[in-house]
Structure formats: structure tokens, C-alpha cells
Protein chains: 2
Amino acid sequence: MREAALRLFAQEGYAAVSMRRIAAEVGVQAGALYNYTPDKQTLLFDLMRAHMEDLLAAWDDLPPEGCARAALETFTRFHIRFNTGRADAVFVSYMELRNLEPANFAVIEGLRRDYETRLEMILRRGVAEGTFAVTEPRIAAMALIAMLTGVNTWFRARGRLSLAEVEALYWDMVRKAVAV
Amino acid sequence: MREAALRLFAQEGYAAVSMRRIAAEVGVQAGALYNYTPDKQTLLFDLMRAHMEDLLAAWDDLPPEGCARAALETFTRFHIRFNTGRADAVFVSYMELRNLEPANFAVIEGLRRDYETRLEMILRRGVAEGTFAVTEPRIAAMALIAMLTGVNTWFRARGRLSLAEVEALYWDMVRKAVAV
DNA sequence: GTCTATATTCTGATAGAC
DNA sequence: GTCTATCAGAATATAGAC
């Protein structure tokens, strides 16, 4: 059910997809879905929370780097690789924020801020080490994440460029963007 | 009607907003809206096309710059200023692409590609002049546009930073990202 | 050009049989 | 745990009075 819902929400939007449509995709009747989620809103919220928590857990599981520059490269490559592998979840977690009830919205926003803070701290460390020139680390973090997430709008796994080549291209821009 | 529709589509999403809701916002009954648009889909399409055409026209109206570096600074500041001033239209034109019928989608996508090409050509010129180091100008253009458009997710006109300060912050990153 | 009224279809969610 | 059947309301769009 979650797989079908994620795919349909990404393709057509939360509001445009009915529970009947999700059920048909799964191969059951609409009523059966309510054995797995109390309602449609909770289904959306659970999908978004699972994605954000997976993202944070995957990053926190990586071994810590030495210098800030190494950490920034790791972050850049991690973000691209993780997000291109879950395009539907990334799309839904960004596009459907406005369809969350206020309490659910606050939770997802908190997780998003946590993730931005991971990058912000790397940038601050680089400034302290003298290798980065960034006057507004929080804003730079949001700008870099926006740039990296944008890969999802055009990247195709069987396209001209491999994931490794894309990582290298973006790392080159990120590296220079924060350079002294 | 268009103002109300744009605001509501941005806040709640195309699929989640009914014609009755737009009519109520305007102060008429739902039936009256059909004197101004043949249907809801055309209303969405017209809003998106008008935004993209305004964007292209506004850019093309700017006087041409001399060197590529000057053109890139002009583009950076133009994009931030134009988009922060029309947050609803930017949001709808990106988020509601999936709710366009195929023929309408193709038109909007074409306009988007036209805009990306404007930046791509600046980057190519900079490479030719020897002032930029960009191996994939098309991808760099998409990456920079994604970063710049991301301003809209956090910028508030009455926030800590003025628009001029934001422009300067982003220009600093853009300038370095494509530097030799 | 706006109104009221309506046709038709779909919506999220629930009840109860099995 | 899935099914059928259903409730109550909302959706887009249209018709015709004024």
C-alpha cells in the first residue's frame, strides 16, 4: 500500500489520488486499506516521516570525516546518491508539505531543519578551519541543498551521465562555491 | 479570478481547490467563473503560461551585458528579484506541472527550457572567454537555477536580510561556483 | 454577466457479513 | 483481513431564468 501510495502521490499529487485508486493499484477494495492506516492524512504523514528519518539515519550512519572539506564532499555525494535513489519520496516530501495538518507539518519541518543543520555545521567548521569562505552558513546550507536536490528534476539512471559523473560535477560546483 | 486562483493553488494545490472555493474568494457563485475560463484545467494552464512568458519577457527586456561575468551577475540578481516578487506563481508553475494535460505540459516545459537556455548560453560564453570553468553548461545552468529559486523557500521581505543582501550572498556563491 | 438549480460522478470513511 | 454496500457530502460543469 505504501509503495503504491508513494508512487501515485508523486505522479498525481495527494489531493488528486483517491483511496480507491490506491486500492486498485494494490489489488484490493478501498475498505481494506483502512486495516493499514487510520486515514489518508496519516498515510501521507507516515510516508514523509519515514523518508526524512531514513535520510537522517543514513547520514548519521556514515563514518565521520576528518576535515570540513572531506565532510562536505561526503555530504554532497551522499545527498545526490540518496535522493536520486528515492525520487518519489523526495518529491512527495517537498511537494505535499502544504497538505499536512499543522501538527504533522511541524514534525516534518523539524526533521528537515535537522538535516539542514548537519550541513550548516560542516560549513561552520570549514569557516573555523579557514578552508571555507561563507558569511551565512545557514543560508548557504539551504542554497546548496536546493542545488543538489535539483538533480532529481533531470537525472535519469540510464542517461548520458553516470551517477559518479554527476556527483563529480556537483562536487566541483559545491567545492568552489564555498571556497576562500 | 486569476489572482484568487493563483493564491489558492499555491497554498493548497490545484487538485485540492474547488471552483466553488475560488468563486467564494472572488465573491461570486461558481457558475459565474465559466464566463472567464472554459474549465479549471485551462485556468491553471493560463496562469502558468502567463508566468513563464512574463519571466522570459522581463529577462529579454534587460539591456544586454558586455562580458559573460557581468551577464551572469545580472541573471543572478534578476532571477532572485523576479522570483521572490511572485512566489505564488513560481510555486504553482513548478508544483502543478503534473496536473497539466500532456499538450499543456509540453508548452510549459518548452518555456522552461527556453529560460534555462538563456543561462546556458551565458555560461558557454564565459567558457569561451576563459573566465568560467564549466564542463557541462546545461547541467550547471539547471543547478544554478535550482539554487537561486530555492531562495523562495525561506526568504521573507521583512526578514533579517534585505533582498540586496540576499542577492549579494547568492551572487558570491554563483560567481565562485563557475570560476576558473 | 450572474444567479439558482441540477445532472452526474466521485470522495473519505464506516458497518457488518464472511 | 477482505469483501459488499452505503452514508453524507463535495466535485466539475451545464441549463435556463433574469
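Lettering of chains follows the sequences in order, A, B, ..., and the numbering in each one begins at 1. Quick note: numbers below take in every heavy atom, side chains included, and nothing from hydrogens, waters or symmetry partners.
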Task: Pair B:Glu73 + B:Arg69: basic N to acidic O under 4.0 Å - done: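 Not counted as a salt bridge, because no side-chain N and carboxylate O are separated by less than 4.0 Å.
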
- [ ] Output yes when B:Glu3 and B:Arg7 qualify as a salt bridge under the 4.0 Å nitrogen-oxygen rule, no when they do not.
- [x]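 Here B:Glu3 does not pair with B:Arg7 in a salt bridge, since their nearest N and O are not under 4.0 Å apart.
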
Verify the ring-centre separation between [Y] and [X]: is it less than 6.0 angstrom?
X       : Y       : result
A:Phe45 : A:Tyr14 : no
B:Phe78 : B:Trp59 : yes
A:Tyr94 : A:His51 : no

Task: Spacing between B:Ile22 atom CD1 and D:dA11 atom P, to the nearest angstrom - done: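 Result: 11 Å.
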
Open item on the list: How many whole angstroms separate atom CG of A:Asn35 from atom P of D:dG1?
Closed with: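 Taking CG of A:Asn35 and P of D:dG1, I get 7 Å after rounding.
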
TODO: Would you check if the side chain of A:Asn83 reaches a backbone N or O of A:Val90 as a donor-acceptor pair within less than 3.5 Å?
DONE: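 Checked: no pair found.
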
TODO: Spell out, as yes or no, whether a donor-acceptor pair under 3.5 Å connects the side chain of A:Arg49 to the backbone of A:Leu111.
DONE: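 Side chain of A:Arg49 to backbone of A:Leu111, a donor-acceptor pair under 3.5 Å: no, none is there.
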
- [ ] Mind running a 4.0 Å heavy-atom check of residues 1-12 of chain A against DNA chain C and sending the residues that fall below it, in number order?
- [x]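 Going residue by residue through residues 1-12 of chain A, none turns out to have a heavy atom under 4.0 Å of DNA chain C.
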
Open item on the list: Between A:Thr117 and A:Asp114, is there a side-chain donor-acceptor contact under 3.5 Å, judged purely by atom types and distance?
Closed with: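 Judged by distance alone, the side chains do not pair up.
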
TODO: Quick one, give me the B/S/- string for nucleotides 11-18 of chain C, reading 5' to 3', where B means a protein heavy atom under 4.0 Å from the base and S means that only happens at the primed atoms, P, OP1 or OP2.
DONE: BBBB----

